[in-house]
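One structure is given here, and the rest of the page talks about it.
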Amino acid sequence: MKRLTIFSLTCLFSVGAVFAQQGVTQCGVPTGQPKFPLLTYQELPDPATPSDKEWAAVTTTQVSWGTTDVRYAKHGLPRLKNQQTIALKGWRGERVNAQAVVWTGVELKDLNFSFGDFKDKKGNVLPQDAFTGGFVRYVMTDELNKDGRGACGHRKAVDYDSLLVADPIDTSLKAMALPARTVQPVWVQCWIPQSAVPGTYKGELLINDGSRLLQRLNLEITVSSRELPAPSEWAYHLDLWQSPYAVARYYQVPLWSQEHLDAMRPLMKMLADAGQKIITATLMHKPWNGQTEDYFDTMVTWMKRADGTWSFDYTIFDRWVEFMMSVGIDKQINCYSMVPWELSFQYYDQATNSLKFVKTAPGEEAYEEMWVAMLSSFSKHLKEKGWFDICAIAMDERPMEVMQKTLKVIRKADPDFKVSLAGNYHAEIEPDLYDYCIVIGQNFPEEVRLRRVAENKRTNYYTCCTEAHPNTFTFSDPAEAVWISYYSSKKHLDGYLRWAYNSWPLEPLLDSRFRSWAGGDTYLVYPGARSCIRFERLIEGIQAHEKINILRQEFEKKGNKAGLKKIEKMLAPFNLGSMPETPAAVTVNRANQILNSL
């Protein structure tokens, strides 16, 4: 009975507030509000109208290979030559991408596509299940701040241009009508099997209107003899923060129910397949003070007994961690946050049978009493579950003096706790941090970085709304998502952090804008487990980082100094501040050519 009682308290903490916003009663019982679009939906109207002059000469349907570096406008005539053949290169185990473009002067009632067989000269075949394709859909976005230097701060839509841009990739939509004077991209991916025989495979992408063939596009895939491990084995330290709360709201299912877990599974499996290492967990109510459409709530029930002692229940925390591990994300658990943006801590008070808040800060007696009790209990629980060694007490963007006071509390509770921080670089606290992620514009001293490698600590960097370039907004140059990981390779860092994997705005499939930051800042993937141009290009960069890591180790082992010099020369052009004058695509494409030749 105790666990059921505590679970109901957690439901009171976590569910009621989330669903009250959306017309759903406490603990997730629907009240009849229509669900958000999921399987099929209609995009918002395009603010841009087709140019009669440009489209006048297009009297039939045109099909060509495009480039993954461009978001093709829905009603802008694409500047494409008639390219009927494209060649891709990749390692075994690597995902390679291409983008085809259809534009038409006449209506198409049943646009669809399929793949032909892919064979090499010896008759070896790439299996059909190695290929996926999806229509690229359109979502509303905005732009950088007026000074062009970033995208932070409260936004009114009327102050920014509204743009419909290509981003979501809809692999579940098998056919669609295409009005006249409309552009429709098709995203194509081949996940080369690790068992593939090296060689050049030739096949076709068939573009049809119903049963009528519109165009055969030739696709050549050269498979290297080199092999990329499975994503679960990548060394890359990917940390994209997950929001289970956004999924519960969007799918309108009870928080932490089986329906909730089922809705999250394909979404989180996509994240695992990108090489994600970290489970994002929350130890207290609103660690970021509700900065997203769905605020983060506590996964731990805090109860102050009538005698003044503390009790903690980890039912929801355990359920979340075990679920994430079941999809393959199991290397680290980052638990936020001992220092929330608003220093107010919620708990259930047994004496008054009510929720209460205590306002306190690091360095104060009440703070230490509360958190030593919690962390001592948490440490014991983690050790019982076998998770202590992979767990980190995590904070973000907190001042050094506050971190120093917080570290003292952590060490008092259990000196062996790992600690994670995403924020500015501080030499004074660096030795105490297991996972240290700094702002992209800062640097670790080389001797510090090398020592951290020797100590098996994680050393990374992050971007947020502050950076105009590189970034992963829905209007960002797609190649910037690749550039991010090449830059990490140049700095010899372990990986990359982005604060929001799926903190969806109200209608993410239709409108990527959010009240506080630029379009797409709060999420990288879409409901229905839809990937997007940004996410696929981010994975492309992660794969490049992993390939570079493998090559460096091989060349160092063999004493191949020439090979190591080629890698460093390849990475030299990745400099902050070079964009947008030098487009990210230019730097990335040059590097890709060199990398695939090593």
Side-chain angles (χ1 to χ4, degrees), residues 63-72 78 80 83 85-102 113-116 118 126-137 165-171 173 184-194 196 200-205 207 217-224 228 231 234 236 270-271 273-275 472 474 476-486 524-526 529-547 583-593 595-596:
V63 183
S64 174
W65 285 114
T67 170
T68 57
D69 294 327
V70 173
R71 302 180 188 276
Y72 293 96
L80 286 173
Q83 185 178 0
T85 300
I86 194 171
L88 305 176
K89 293 182 179 180
W91 290 17
R92 292 178 294 165
E94 183 178 357
R95 278 167 272 189
V96 293
N97 302 295
Q99 187 171 207
V101 185
V102 180
F113 60 88
S114 60
F115 295 99
F118 282 77
L126 292 178
Q128 282 287 317
D129 62 8
F131 293 86
T132 56
F135 291 112
V136 179
R137 306 296 298 274
V165 294
D167 195 50
I169 300 172
D170 202 334
T171 56
L173 185 63
Q184 181 55 59
V186 177
W187 194 268
V188 173
Q189 182 178 95
C190 176
W191 194 337
I192 303 170
Q194 290 177 313
T200 298
Y201 295 79
K202 296 183 178 182
E204 296 174 326
L205 173 68
I207 305 291
L217 293 178
N218 301 312
L219 176 58
E220 297 180 3
I221 300 175
T222 299
V223 178
S224 168
L228 196 64
W234 292 350
Y236 194 95
M270 273 185 11
L271 182 57
D273 286 343
T472 54
T474 40
S476 293
D477 178 347
E480 290 184 22
V482 189
W483 196 101
I484 282 168
S485 292
Y486 269 109
L524 280 165
V525 293
Y526 292 81
R530 290 172 173 87
S531 185
C532 65
I533 292 176
R534 296 175 292 150
F535 191 57
E536 293 304 327
R537 298 306 304 273
L538 183 69
I539 294 171
E540 179 185 325
I542 293 168
Q543 291 180 145
H545 188 286
E546 197 68 16
K547 289 160 71 173
V586 172
T587 313
V588 165
N589 289 335
R590 287 173 183 165
N592 283 342
Q593 289 178 353
L595 184 57
N596 282 323

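None of these values were measured; they are calculated from a predicted model. Excluded from the calculations below are hydrogen atoms, water molecules and symmetry mates; all remaining heavy atoms, backbone and side chain alike, are included.
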*Any chance you could measure Asn97, atom CG, to Thr67, atom OG1, to the nearest 0.5 Å?*
11.0 Å
*Locate the shortest heavy-atom distance separating Val588 from Ala479; write the atom from each residue and the value.*
CG2-O, 3.7 Å
*For Trp65 and Leu219, which heavy atoms make the closest approach, and how far apart are they?*
CZ2-CB, 4.0 Å
*asked:* To check you understand the geometry: which heavy-atom pair defines the closest contact between Ala98 and Ile86, and what is its length?
replied: CB-CD1, 4.4 Å
*Identify the two heavy atoms, one from Ala196 and one from Arg92, that lie closest to each other, and give their separation to 0.1 Å.*
O-CD, 2.9 Å
*Main-chain N/O of Gly116 paired with Gln128 side-chain donor or acceptor, under 3.5 Å*: yes
*Check whether any side-chain heavy atom of Thr171 lies under 4.5 Å from a side-chain heavy atom of Trp187, and answer yes or no.*
no
_Spatial distance of atom CD1 (Ile192) from atom CZ (Phe131) [nearest 0.5 Å]_ = 8.5 Å
*Verify side chain to side chain contact (heavy atoms under 4.5 Å, CB included) between Thr472 and Ile484, making sure each step is shown before the conclusion.*
CA-CA 9 Å; Thr472 54; Ile484 282 168; 4.1 Å; yes
*Do the ring planes of Phe113 and Phe135 sit parallel (below 30°), tilted (30 to 60°) or perpendicular (above 60°)?*
perpendicular
*Excluding sequence neighbours, so at least two apart, what forms salt bridge (Lys or Arg N to Asp or Glu O under 4.0 Å) with Glu540?*
Arg537
*For Arg95 and Pro231, which heavy atoms make the closest approach, and how far apart are they?*
NH2-CG, 3.9 Å
*asked:* With rounding to the nearest 0.5 angstrom, report the CG to CG distance, Leu524 to Leu271.
replied: 9.5 Å
*Can you name the nearest heavy-atom pair linking Tyr72 to Pro185, along with the distance?*
CB-CG, 4.2 Å
*How about Ile533 and Val136: do any of their side-chain heavy atoms sit closer than 4.5 Å?*
yes
*asked:* Show, in sequence, the C-alpha distance, side-chain angles and deciding distance for Asp129 and Trp191, and conclude whether the side chain to side chain contact (heavy atoms under 4.5 Å, CB included) test is met.
replied: CA-CA 9 Å; Asp129 62 8; Trp191 194 337; over 6 Å; no
*Kindly write out the residues that satisfy side-chain hydrogen bond (donor to acceptor under 3.5 Å, both in side chains) with Gln184, not counting sequence neighbours, or none if the list is empty.*
none
*Between atom NZ of Lys202 and atom CZ of Phe118, what is the distance when rounded to the nearest 0.5 Å?*
12.0 Å
*asked:* So Ser224 and Lys89, do their side chains get closer than 4.5 Å, heavy atoms only?
replied: no
*Decide side chain to side chain contact (heavy atoms under 4.5 Å, CB included) for Gln543 and Tyr236; before the verdict, give the C-alpha distance in whole Å, the side-chain angles of both, and the deciding distance to 0.1 Å.*
CA-CA 9 Å; Gln543 291 180 145; Tyr236 194 95; over 6 Å; no
_Under a plain distance cut-off of 3.5 Å, with no hydrogens placed, do Thr200 and Glu220 share a side-chain donor-acceptor pair?_
no
*Candidate pair Cys190 and Leu88, rule side chain to side chain contact (heavy atoms under 4.5 Å, CB included), full reasoning*: CA-CA 10 Å; Cys190 176; Leu88 305 176; over 6 Å; no
*Interatomic spacing from CZ in Arg137 to CD1 in Ile169 - rounded to 0.5 Å*: 12.5 Å
*Please list, chain by chain and in numerical order, all residues satisfying side-chain hydrogen bond (donor to acceptor under 3.5 Å, both in side chains) with Glu94, sequence neighbours excluded.*
Lys547
*For the residue pair Tyr526 and Asp167, confirm or rule out a side-chain donor-acceptor distance under 3.5 Å.*
yes
_Quick check for you: to the nearest 0.5 Å, what is the distance between Asn589 atom CG and Asp69 atom CG?_
4.5 Å
*Hey, are the side chains of Tyr486 and Leu595 touching, using non-hydrogen atoms and a 4.5 Å cut-off?*
yes
*Any side-chain heavy atom of Trp483 within less than 4.5 Å of one from Asp477?*
no
*asked:* Contact between Met270 and Arg530 at the side-chain level, heavy atoms closer than 4.5 Å - yes or no?
replied: no
